[in-house]
Structure formats: C-alpha cells, structure tokens
Amino acid sequence: MLEGRDGVVWMDHVRNCAPCHLPNVDGTMDPSLAIVRAGLRCMLCGSTDQAAHMLVCDRCSRGWHMSCLTPPIDVVPTGRWVCPRCTSEGR
C-alpha cells in the first residue's frame, strides 16, 4: 500500500511497483510502517517471538531483537540501521 502526499492511497503488489525517479520525492520509509516478515529469527537468541521489538538490518536483512543487542536498544533508531555483524565485517 502506497500513500501519496496528497493522501491518495494506491494498493498493488510490490512486483508491480518501480522506484520513483522524480527528484523531489522523499524515498525514506517510516520505520513504524515496517513489518517484520513472519518467522524471522533473532540472530542472537534464535526466537521468532516479539517481532514488534525486532530490528531488521538494512544490509543483510537479518533480524535482531532490540533487547538482545549489547547494549540493548530501547527506541527504534531513525533512518537506516546496520547490525553488529555487518558493521564488524565492514559491509
């Protein structure tokens, strides 16, 4: 589901969508709208529970519970988030 700044909502499958090439379009996504895919396991504890408290790495797409990270994260970070694994590998 896509919503324009004018409030018009368009529903279509992601296969039918293409990136917008207009120069004045904000391509960032509101993290509160992100949905963790069903069955995604935390890389640290292995649990699929608490999807609402899981971060998904913007590089590798792996899941990480905010409470499993060292130090734990209490608030969903704004913008892109890169997991400790990708950060240490220099990806």
Side-chain angles (χ1 to χ4, degrees):
M1 179 168 42
L2 301 171
E3 181 177 354
R5 290 189 180 169
D6 58 358
V8 174
V9 176
W10 180 264
M11 293 181 60
D12 206 337
H13 193 278
V14 70
R15 288 186 309 231
N16 300 326
C17 297
C20 182
H21 300 287
L22 297 175
N24 62 345
V25 172
D26 180 5
T28 58
M29 188 174 98
D30 182 347
S32 67
L33 300 175
I35 299 172
V36 175
R37 75 176 178 351
L40 183 65
R41 293 189 180 279
C42 174
M43 287 297 294
L44 296 174
C45 73
S47 172
T48 59
D49 296 338
Q50 299 180 342
H53 300 281
M54 189 177 289
L55 299 175
V56 178
C57 177
D58 286 314
R59 290 192 184 158
C60 68
S61 299
R62 291 182 174 103
W64 302 75
H65 284 125
M66 297 187 329
S67 60
C68 290
L69 293 165
T70 305
I73 296 176
D74 297 325
V75 178
V76 175
T78 57
R80 296 179 54 85
W81 180 77
V82 179
C83 72
R85 185 175 181 177
C86 288
T87 302
S88 69
E89 292 176 357
R91 293 172 76 182

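- Here the closest non-hydrogen pair linking Asp49 and Met54 is O-CE, 4.3 Å.
- Considering only heavy atoms from C-beta on, Ser47 comes within 4.5 Å of His65 through its side chain.
- Of all the heavy atoms in Leu69 and Pro84, the pair that sits closest is CD2-CG, 3.8 Å.
- Using modelled atom types, no side-chain atom of Asp58 and backbone atom of Val82 make a donor-acceptor pair closer than 3.5 Å.
- In terms of heavy atoms, Val76 sits closest to Met66 at CG2-SD, 3.9 Å.
- A heavy-atom distance below 4.5 Å is not found between the side chains of Ile73 and Trp64.
- His53 NE2 to Cys68 SG: the interatomic distance, rounded to the nearest 0.5 Å, is 12.0 Å.
- Summarising the geometry of Leu55 relative to Pro77, their closest heavy-atom pair is CD2-CD, 3.7 Å, with the distance given to 0.1 Å.
- With rounding to the nearest 0.5 angstrom, the CE atom of Met43 is 10.0 Å from the SG atom of Cys57.
- Note: Cys86 SG to Arg62 CZ = 6.5 Å, rounded to the nearest 0.5 Å.
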